Amino acid sequence: MKVITLEIPLGVHHESTDSCYSGGFVEVTQCGDCKAIQDYWSNNSRICKYCGGTLMPNGIGRWDKQTKQWQIRQNT
């Protein structure tokens with residue numbers, strides 16, 4: 001049996017601004033400069049809208065409404 005772990009990355013978590021996001025798993029990005037974490041479709045470019053830094057893929061994750069943080073899927 002494969003165990004799937006969800007981890008909360010360090011950084012500044014921003015809730016999705018994509019009107020189509022319904023709470024499932026999506027691609028998550030993180031800025032290399034200001035550490036902003038957001039889903040790809042809220043800002044589908046390689047430039048961070050918060051500081052102008054470079055966005056890098058951070059895995060697949062989902063938004064947790066209770067903790068207001070992204071949970072990133074880790075395969076173990």
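Given the structure is predicted, the values throughout are model-derived calculations rather than measurements.
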**Asked** Just by modelled atom types, is the His14 backbone N or O under 3.5 Å from a matching donor or acceptor in the Trp70 side chain?
**Response** yes
**Complete:** Interatomic distance, CD1@Ile37 vs OG1@Thr29, rounded to 0.5 Å, equals 9.0 Å
**Message:** Evaluate Asn43 against Leu55 for side-chain contact (heavy atoms from CB on, under 4.5 Å), listing each step before the verdict.
**Reply:** CA-CA 9 Å; Asn43 185 25; Leu55 292 177; 3.5 Å; yes
**Item:** Other residues, nucleotides, ligands: >12 heavy atoms within 6.0 Å of Ile60 CD1
**Value:** yes
**Fill in**
One should read off an interatomic distance between Lys68 NZ and Glu15 CD, to the nearest 0.5 angstrom, of 6.0 Å
**Asked** Cys34 and Val12: which non-hydrogen atoms are nearest, and at how many Å?
**Response** O-CG2, 4.0 Å
**Shared hydrophobic cluster for Trp63 and Val28 (ILVMFWY, side-chain gaps under 4.5 Å)** = yes
**Prompt:** Does any non-hydrogen side-chain atom of Asp33 lie less than 4.5 Å from one of Cys48?
**Reply:** no
**Minimum side-chain heavy-atom gap Arg62-Leu6 below 4.5 Å** = yes
**Backbone N/O of Val26 and side chain of Tyr21: donor-acceptor pair under 3.5 Å** = no
**Message:** Return the OG1 to CZ distance between Thr5 and Arg73, rounded to the nearest 0.5 Å.
**Reply:** 10.0 Å
**Asked** For the side chain of Ser42 and the backbone of Thr17, is there at least one donor-acceptor N/O pair under 3.5 Å apart?
**Response** yes
**Atom pair CD (Gln38) and CG (Asn44), whose distance is rounded to the nearest 0.5 Å** = 10.0 Å
**Request:** Examine distances only and state if a side-chain atom of Gln30 and a backbone atom of Leu10 form a donor-acceptor pair shorter than 3.5 Å.
**Result:** yes
